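Here's the structure, in structure tokens; my notes come after.
Throughout, a chain's letter reflects where its sequence line sits, starting with A, and its residues are numbered from 1. These figures come from a predicted structure and were not determined experimentally.
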Protein chains: 4
Amino acid sequence: MAPTRQERKESLTKMREQQILDAALKVFSAKGFAEATTTEIAQEAGVAEGTIYNYYQSKRDLLVSVVKTFVITESFLGIFENAGELEFPALLTTVLNNRMDFIGESGKNRLLLLMSEILRDPELKMIYDRQVIKPIMTRMEKYFETKSAKGEFRPLQTGVVTRALGGMVLGLLLITLLEGESSPLQSVPRQSLVAEMVQLITEGVQPH
Amino acid sequence: MAPTRQERKESLTKMREQQILDAALKVFSAKGFAEATTTEIAQEAGVAEGTIYNYYQSKRDLLVSVVKTFVITESFLGIFENAGELEFPALLTTVLNNRMDFIGESGKNRLLLLMSEILRDPELKMIYDRQVIKPIMTRMEKYFETKSAKGEFRPLQTGVVTRALGGMVLGLLLITLLEGESSPLQSVPRQSLVAEMVQLITEGVQPH
Amino acid sequence: MAPTRQERKESLTKMREQQILDAALKVFSAKGFAEATTTEIAQEAGVAEGTIYNYYQSKRDLLVSVVKTFVITESFLGIFENAGELEFPALLTTVLNNRMDFIGESGKNRLLLLMSEILRDPELKMIYDRQVIKPIMTRMEKYFETKSAKGEFRPLQTGVVTRALGGMVLGLLLITLLEGESSPLQSVPRQSLVAEMVQLITEGVQPH
Amino acid sequence: MAPTRQERKESLTKMREQQILDAALKVFSAKGFAEATTTEIAQEAGVAEGTIYNYYQSKRDLLVSVVKTFVITESFLGIFENAGELEFPALLTTVLNNRMDFIGESGKNRLLLLMSEILRDPELKMIYDRQVIKPIMTRMEKYFETKSAKGEFRPLQTGVVTRALGGMVLGLLLITLLEGESSPLQSVPRQSLVAEMVQLITEGVQPH
DNA sequence: TATGAATGAGCATTCATTCAT
DNA sequence: CATGAATGAATGCTCATTCAT
């Protein structure tokens, strides 16, 4: 059935809301919250400045909404659903590649720049924790516990290990960004990088 | 000998400069660069707003100066100088404790909040890279190469491993901050946390 | 036909722009550029301070715009178009009266006060030269050349004479302003003043 | 007799006062009153900023003092003392040359830039009128009256003529400054310029 | 609902003036 | 008297938010 006028209108409205949100993400990421202007967001979204306020109460509200949409992609969490079927190194390789693709695709420092706003604000922190951190950590902890129980891993403090490993990915990214062009990692092929990390996590640094 | 009038004056001047720098660090950390106001920095420093401009050219210059003083503490780099005498686990334990003390003592998220400004600004990035990241990474890489060569470590891509390990510490901190009160790490004693990380880095997750 | 909504809006906008320009002229004239404040200009224009910046990029831009609108009135240049038909003394009388009316009507010292800003600033100087000085001088020179060629004037260095005569009007005004109330010219009727100047320019000071 | 300590001190003091005044004239001329800073004046004078306030009550007071020193040079007024002995054209030539030297030597626009400050301020206007304008005008009027009475000039409204001629010199200068490099007067030799003006004033523009 | 001009509070910065040494 | 650091009022300008159309 063809959409009614009512429906078409609603879908237009939804679209406009999304446009604004996308624009806000882009601008906040590039400049940070304080240095972003509503003027620029409006331009980026292709709407008038006033229109933003028909959808969002304030610039701050827009930021909160942006963070709220930062849900972990289903595809990522899905990896863990079928995790039992894969060997750990294979899984880890998949996860690391997935994360690096994610960072790559959505703009190198988008995530990290938003992070600074999040760290500064208790409300945002809570939202982000609930929507991103907790789901991932829970999934990972469960995975490690199972593996540990089966004897495929040595006994682990899963709380610590998950955060250490999650942190490793995040921190590696940060350091790379800080080093910029001069980072020696720039010349390491992705495959080689991932392989080394997998080995580090699996075996540590000690000799066989 | 008693300080001359000249000397006393100079020391007063130095003190005032330091006061302003300290105040700036505090306020920038709490609010971020853009949302920090010179009024607040002046109040925090206990001087008039105009006085700031007798010492620093601009608010931006103040930020640069703050970042410049973020040199890695000598004590930290010193650890690596005498590194040969310690077993790796003992060294690692020392390093981790040192880092956590550092974070603890200098204000929980001070470092991380400044980092967001640093990431956004090429000039600051360069300064921070040169003064903090590079020295640490160089020291660590040399250490790992030596160990590897002696056969105490398996063959490593030291560039990757150092950044992964450095990143782990940084990222762990980030995640903890994001989780806040609700983090399970809150209830893990420092000693236990460090021990687990040491083991993870040494042996990885695989069973013996 | 009645003006469309669009047109009405545009005319309102034009009006506001003009209001601001008028206010700026007034305030700049009274206080000079540096001592004029945007606050005062806004008040004078009856708009908010921010509104100024919807129309002009900066206070400086406002000054430039003010100077740009100082085009010589058409009526003045028109005098020279039909100059051939008048005897020189009659023409001169017309010109002098026109200039004195102009000064009188547009605020006594407006022109002169702006001139100080103009003299100080190369860009403004160029604008004013191109829009006011050059057109007048060109017209006058052409006029004198023609008259000279016809033998109605003695042979003249027209470049010098035009500027000397233009300068006479300007300088007379300046001196009068400096002398203020105490000037003996205050008690000379306009007609008499103009007549004397005409005779001076025509015959000089020598006896017949 | 050698100067006493007392005297030497006083002369030093006088010198310093003069230094400050000279510096102020220079800076005010170059930038205008409002845009000149006490810092710059102090630097120019080679004293500390605070020292200025030991000699002058305020920046404004400094401006007043600067204007007060703008007395007409004796040499100029002296010209008129012995005026009787010279033919008018010779005298006029002397005066014009003197004025143009004066302008040339003391910096092209020094006088004119100060004039804008003077025009804006009643107190300064009065001072300048009394010290510069009035003496010149009085002298000139007396001269013209005498000449007129003797029949060497036609009957003149001396008040008007003196101001018209004084204004001519001033205005010519102004126009030249406004035209800058592009002025045709740039290529007219001084002698020729003066000669033309003398003839204009003496005979006017009419043919013999 | 969409628009965009108007608003005015808020900020970084300047600079004349003061005053302790 | 000389100094120059400290002061803080004043200013140009920005930008989130409102609201008449």
Side-chain angles (χ1 to χ4, degrees), chain A residues 9 12-13 16 33-43 46-62, chain B residues 5-6 8-10 12-13 16-17 20 34-42 45-62, chain C residues 5-6 8-10 12-13 16-17 20 34-42 45-62, chain D residues 9-10 12-13 16-17 33-43 46-62:
Chain A
K9 209 177 206 174
L12 260 177
T13 293
R16 203 152 350 221
F33 177 72
E35 259 138 1
T37 66
T38 49
T39 306
E40 196 177 353
I41 294 171
Q43 272 175 352
V47 301
E49 216 171 335
T51 304
I52 293 176
Y53 290 84
N54 289 332
Y55 294 91
Y56 301 93
Q57 304 244 0
S58 69
K59 189 186 167 194
R60 175 107 222 300
D61 182 38
L62 197 43
Chain B
R5 196 162 318 197
Q6 175 71 13
R8 230 180 308 133
K9 207 178 213 172
E10 270 175 25
L12 263 176
T13 292
R16 190 116 32 187
E17 192 172 340
I20 294 171
E35 259 142 357
T37 68
T38 50
T39 306
E40 194 176 355
I41 293 172
V47 300
E49 212 168 339
T51 303
I52 293 177
Y53 290 85
N54 289 336
Y55 292 90
Y56 300 93
Q57 304 241 2
S58 67
K59 188 186 166 193
R60 176 101 224 297
D61 182 39
L62 198 43
Chain C
R5 196 164 316 199
Q6 177 70 13
R8 228 179 310 133
K9 206 178 215 172
E10 270 174 25
L12 263 176
T13 293
R16 190 118 29 188
E17 192 172 341
I20 295 171
E35 259 143 358
T37 67
T38 50
T39 306
E40 193 175 356
I41 293 172
V47 301
E49 211 169 340
T51 303
I52 293 176
Y53 291 85
N54 289 336
Y55 292 90
Y56 300 92
Q57 304 242 2
S58 66
K59 188 186 166 193
R60 176 102 222 298
D61 182 39
L62 198 42
Chain D
K9 211 178 205 174
E10 270 175 26
L12 260 177
T13 293
R16 200 144 1 213
E17 191 171 342
F33 178 72
E35 258 138 0
T37 66
T38 49
T39 306
E40 195 176 354
I41 295 171
Q43 272 175 352
V47 300
E49 216 171 334
T51 304
I52 293 176
Y53 289 84
N54 289 331
Y55 294 90
Y56 301 93
Q57 303 244 1
S58 68
K59 189 186 166 192
R60 175 107 222 300
D61 181 39
L62 196 44

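- The heavy-atom pair separating C:Ala34 from D:Ala34 by the smallest distance is CB-CB, 3.3 Å.
- Considering every non-hydrogen atom in both C:Tyr56 and C:Glu17, the closest pair reads OH-CG, 3.2 Å.
- Residue-level contact check: C:Ala42 touches neither bases nor backbone, having no heavy atom under 4.0 Å from any strand.
- Atom CD in A:Glu35 sits about 16 Å away from atom C1' in E:dG10, given to the nearest Å.
- The side chain of C:Thr38 contributes an N or O atom lying less than 4.0 Å from OP1 or OP2 of F:dG12.
- In this structure, B:Lys59 and B:Tyr53 approach most closely via the heavy-atom pair N-OH, 4.4 Å.
- The distance from atom CD of D:Gln43 to atom P of E:dC15 is 12 Å, rounded to the nearest whole Å.
- Taking atom CD1 of residue B:Ile41 and atom P of nucleotide E:dT13, one finds them 10 Å apart after rounding to whole Å.
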- For C:Thr13 and C:Arg16, run side chain to side chain contact (heavy atoms under 4.5 Å, CB included): C-alpha distance rounded to whole Å, both residues' side-chain angles, the deciding distance at 0.1 Å, then the answer. CA-CA 5 Å; C:Thr13 293; C:Arg16 190 118 29 188; 5.9 Å; no
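- Taking CD from D:Glu49 and OG1 from D:Thr39, the interatomic distance works out to 3.5 Å, rounded to the nearest 0.5 Å.
- When all heavy atoms of B:Ile52 and B:Leu62 are compared, the pair lying nearest together is CG2-CD2, 4.1 Å.
- Rounded to an integer number of Å, the gap from B:Leu62 CG to E:dC11 P is 16 Å.
- Counting only Watson-Crick or G-U wobble pairs whose defining distances are both under 3.5 Å, the stems of 3 or more consecutive pairs in DNA chain E are E:2-21 with F:2-21.
- Within the 4.0 Å cut-off from OP1 or OP2 of F:dA6, at least one side-chain nitrogen or oxygen of B:Arg16 is found.
- Put simply, CD1 on B:Ile20 and OG1 on B:Thr38 are 11.5 Å apart, with the number rounded to the nearest 0.5 Å.
- Both B:Ser58 and C:Gly46 lie close to DNA chain E; mapped to their nearest nucleotides by heavy-atom distance, the more 5′-ward contact belongs to C:Gly46.
- If you take CD of A:Glu40 and P of F:dT14, they are 15 Å apart, rounded to a whole angstrom.
- Only A:Ala48, A:Gly50, A:Thr51, A:Asn54, A:Tyr55, listed by number, bring a heavy atom of residues 48-57 of chain A to less than 4.0 angstrom from any atom of DNA chain E.
- At the phosphate of E:dC15, neither OP1 nor OP2 sits under 4.0 Å from any side-chain N or O atom of D:Thr37.
- The distance between atom NZ of A:Lys59 and atom C1' of E:dA9, rounded to the nearest whole Å, is 15 Å.
- Nucleic acid contact class of D:Ala34 (heavy atoms, under 4.0 Å, all strands): none.
- Atom-to-atom distance recorded for B:Thr51:OG1 and B:Ile41:CD1 is 13.0 Å, nearest 0.5 angstrom.
- In this structure, the CD1 atom of C:Ile20 is 12 Å from the C1' atom of E:dT7, given to the nearest Å.
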